[in-house]
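All remarks here apply to the structure that follows.
The chains referred to below are lettered A, B, ... by the order of the sequence lines, with proteins before strands, and numbering in each begins at 1. Side chains included, hydrogens not; waters and symmetry mates left out as well; all remaining heavy atoms used. Everything numeric in this text was worked out from a predicted model, so none of it was measured.
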Number of protein chains: 2
Amino acid sequence: MHMSTIYDVAELAGVSPATVSRVFNGTSVSDEKVAAVRDAAKRLNFTPNRAARTLRTQSSEVIALVIPDIENPYFTEMARGVEDVASKAGYSVVLCNSDAQLDKESTYLQIAIAEHMSGVIIATASEGSNLDPIIATGRPVVAVDRHTAYDVDGVVMANRAAGTSATKDLIRAGYRRIAYIGGPAHIDTAAERAAGWQDAITADGREIDDELLRFSTFRVDGGRAAMEELLALPEPPDAVVAGNNLIGVGAIQVLTEHGLTPPAVGVAVIGSLPFTTLSPSAVTVVRLPARHMGVTAANMLLERIRGDEQPARTVVLRNELQSASILR
Amino acid sequence: MHMSTIYDVAELAGVSPATVSRVFNGTSVSDEKVAAVRDAAKRLNFTPNRAARTLRTQSSEVIALVIPDIENPYFTEMARGVEDVASKAGYSVVLCNSDAQLDKESTYLQIAIAEHMSGVIIATASEGSNLDPIIATGRPVVAVDRHTAYDVDGVVMANRAAGTSATKDLIRAGYRRIAYIGGPAHIDTAAERAAGWQDAITADGREIDDELLRFSTFRVDGGRAAMEELLALPEPPDAVVAGNNLIGVGAIQVLTEHGLTPPAVGVAVIGSLPFTTLSPSAVTVVRLPARHMGVTAANMLLERIRGDEQPARTVVLRNELQSASILR
DNA sequence: ATGAAAGCGCTAACAT
DNA sequence: ATGTTAGCGCTTTCAT
């Protein structure tokens, strides 16, 4: 019940508290004393008090990972990448779900400051995200997935290219009236992927029909609603590009319910379809390397934590087209 | 860059540090001083140092949520429930992914102790999970989803009943040779759901064919492998009960690849199919109220944190059959 | 290599 | 209502 301290350990081992501290921090202590201390620590079931350590050193081996939707497998896959790198380096990861809400995001950032966490990896909730407080503390910040207005490191996908290759694959497969459903227009990934879609349409010598461009939410319900609207059009599309994995799920659900299971209507999804039970030949997927993004971001953050001072960098990750037509 | 302290705020506001502390902790301070302190705090961009607070009070408003698979939507849905309750009560949630590994789990539990977190909600990695250290500290622990050998509060699903109703629904739909694919046998939820399957089979007056009972992993690849084995049997099953959501996904994938898309072979899944694009009429689902489990566990934990001393309780949550046959 | 002692920022008696 | 002060457990100079 009572938590033992380095003083208890010191007394039992017959050394000073300083020596106990040294044993646990790897500075020079004679072999006998090391053994005595370890033994005493074990017998007392000693666990170093992190709060005291953090208070004293003004830092803790914890990094915060702030994401807008913990239920989206894209972000949990990314989280795995972050965690693997961080824990190998002796850091713990605190996963914070901002729920795409600015106030929750601010709260978590505030906690990161107050807890003296070593750094933050964040997929911002929106353009309005305020990183000033955390940046003002001098702590390193890495922005993932989404762009920010701040001068911090970043790791993003090749979003415009993803939009283009998804759309081109649909064109190649013979579809002619291709819609796009993206996330909120104020999130840059959504806008960029839509721009990629436009590129492909115009490159094919067609006009952009504004009715076919829909900004929604990055969730299943958003994909569903937009797909329903598209099907209700006087001249519905014969194919659709989904701006992220969950929108893809929603769109396919609606199509299936209307008896238009792909490839009856063409579907290309930007991001892997989570837990899909669909045949891979039916839907085009542009794979986004989410885990790799997490790994890259964690490595960048660790470099900064270790004192790297070079100007902010942004890494753009290549995506990978998995064409449905290959298998047709 | 420099972090201001209550001393800085006190000086600027012309009060003592204790008064500053009182302002931030809601004890009686005159209105003028409150205003002065708040103003000074704002001007200095003051954020209370949590490490110091934790050290002093020997507690922090943080609870740990330890789960075995952060990529399983079942657990993230649960996490949402925990988070909603906790954050409303002023607690932050630290999400820890044990990856079903005992050593990782122990490490996180150790961190929870060292960081003086207020309590732990844990879905254990296996029967071998060691909760002694955390329990020895006197901190409240709530076990979710899975049983433990410890005398702690728990929230679990009605697993055996889930196995039975899933199986019975398949029987009702006319299937006669019904297999079961579960998670690892050493995890009680897997074993119990399997027992429910057995109950239903025997209640129907049939023999248990051991070849039709498979213990695998609670992941997609586990479901896939087991389903492949079942299909390779001399006398393959005409239906299958999947022991969790991901096994269900894996099984359906394999069936689809073999041209046996449900209901060609009957499928019942214990747990909601995440992000499914399947028609709801094709597959029986036993919905497990994951979010509700999280909410319940968080409320129990908060009660304990507030000093509730009653004997340990276990809450069993009802599940909900969504029969495929209804829609046939 | 080891010990003594100061201090990180906060809260909670205790005193006024 | 407000101020003074001790101390939470640790790390880290500074001596020795």
Side-chain angles (χ1 to χ4, degrees), chain A residues 1-38 40-41 44-62 110-118 137-138, chain B residues 1-38 40-41 44-62 90 110-111 113-118 137-138:
Chain A
M1 194 95 341
H2 163 74
M3 307 239 46
S4 48
T5 71
I6 53 171
Y7 289 90
D8 304 325
V9 176
E11 195 179 340
L12 183 59
V15 300
S16 76
T19 298
V20 176
S21 172
R22 289 184 184 113
V23 168
F24 282 94
N25 291 284
T27 34
S28 46
V29 178
S30 71
D31 290 355
E32 318 117 71
K33 305 228 170 194
V34 170
V37 167
R38 293 219 180 281
L44 293 175
N45 206 341
F46 168 71
T47 304
N49 182 324
R50 287 210 183 203
R53 183 174 204 287
T54 299
L55 177 58
R56 178 59 227 237
T57 63
Q58 306 280 26
S59 75
S60 75
E61 278 73 52
V62 176
Q110 214 51 252
I111 290 176
I113 295 171
E115 300 264 21
H116 287 285
M117 295 181 189
S118 298
T137 67
Chain B
M1 194 95 339
H2 164 75
M3 306 239 46
S4 47
T5 72
I6 53 171
Y7 289 91
D8 304 325
V9 176
E11 196 179 340
L12 183 59
V15 301
S16 77
T19 298
V20 177
S21 173
R22 289 185 183 110
V23 168
F24 284 94
N25 292 284
T27 34
S28 45
V29 178
S30 71
D31 290 355
E32 319 118 69
K33 305 230 169 193
V34 169
V37 167
R38 293 219 179 280
L44 293 174
N45 206 340
F46 168 73
T47 305
N49 182 325
R50 288 212 183 202
R53 184 172 204 287
T54 298
L55 177 59
R56 177 61 228 239
T57 63
Q58 307 280 30
S59 75
S60 76
E61 277 73 52
V62 176
Q110 214 51 253
I111 290 177
I113 296 171
E115 300 264 20
H116 287 286
M117 295 183 190
S118 299
T137 68

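An OP1 or OP2 oxygen of dA12(C) is reached within less than 4.0 angstrom by no side-chain nitrogen or oxygen of T57(B). Residue S16(A) has no polar side-chain atom (N or O) positioned under 4.0 Å from OP1 or OP2 of dA4(C). An OP1 or OP2 oxygen of dT11(C) is reached within less than 4.0 angstrom by a side-chain nitrogen or oxygen of S21(B). Applying the 4.0 Å criterion to OP1 and OP2 of dT11(D), one finds that N25(A) has a side-chain N or O inside that range. Regarding contacts with the backbone of dT11(D), every side-chain N or O of Q58(A) stays at 4.0 angstrom or more from both OP1 and OP2. Put simply, S28(B) has a side-chain N or O that comes within less than 4.0 Å of OP1 or OP2 on dA1(D).
For Q110(B), the CD atom is densely surrounded, since the number of other residues' heavy atoms within 6.0 Å is greater than 12.
Residue side chain R22(B) reaches the base of dG3(D) through a donor-acceptor N/O pair under 3.5 Å, judged by distance alone. Under 3.5 Å, the side chain of Y7(B) and the base of dC10(C) form at least one donor-acceptor pair of N or O atoms.
When each of dA1(D), dG7(C), dT4(D) is scored by its nearest atom to the side-chain atoms of A18(B), the top-ranked nucleotide is dT4(D). Closest to the side chain of L55(A), out of dC10(D), dG9(D), dA4(C), is dG9(D).
Distance CZ (R56(A)) to P (dC10(D)): 13 Å, rounded to an integer number of Å. In this entry the distance linking NZ of K33(B) with P of dT2(D) reads 5 Å, nearest Å. Straight-line distance from the CG atom of N49(A) to the C1' atom of dC10(C): 14 Å, rounded to whole Å. Here dC8(C) presents its C1' atom at 18 Å from CZ of R50(B), a figure rounded to the nearest Å. If you measure from atom CD1 of I113(A) to atom C1' of dG9(C), you get 16 Å, rounded to the nearest angstrom. Computed from coordinates, the R53(B) CZ to dG9(D) P distance equals 16 Å when rounded to whole Å.
As judged by a 4.0 angstrom heavy-atom cut-off over every strand, F24(B) is placed among residues making no nucleic acid contact. Note on T5(A): only backbone sugar-phosphate atoms sit closer than 4.0 angstrom, heavy atoms only; bases stay farther off.
Within the 4.5 Å cutoff, the side chain of H116(A) has no heavy atoms near those of the L55(A) side chain. Counting only heavy atoms from C-beta outward, the side chains of V20(A) and P17(A) never approach each other to under 4.5 Å.
Although no hydrogens or angles enter the test, the distance criterion places no donor-acceptor pair under 3.5 Å between the side chain of T137(A) and the main chain of I113(A).
When each of I6(A) and T19(B) is assigned the nucleotide of DNA chain D with its nearest heavy atom, T19(B) is the one assigned upstream, toward the 5' end. Both P17(B) and A52(B) lie close to DNA chain D; mapped to their nearest nucleotides by heavy-atom distance, the more 5′-ward contact belongs to P17(B).
Checked by atom type, the side-chain pair E115(B)/T54(B) shows no donor-acceptor distance below 3.5 Å.
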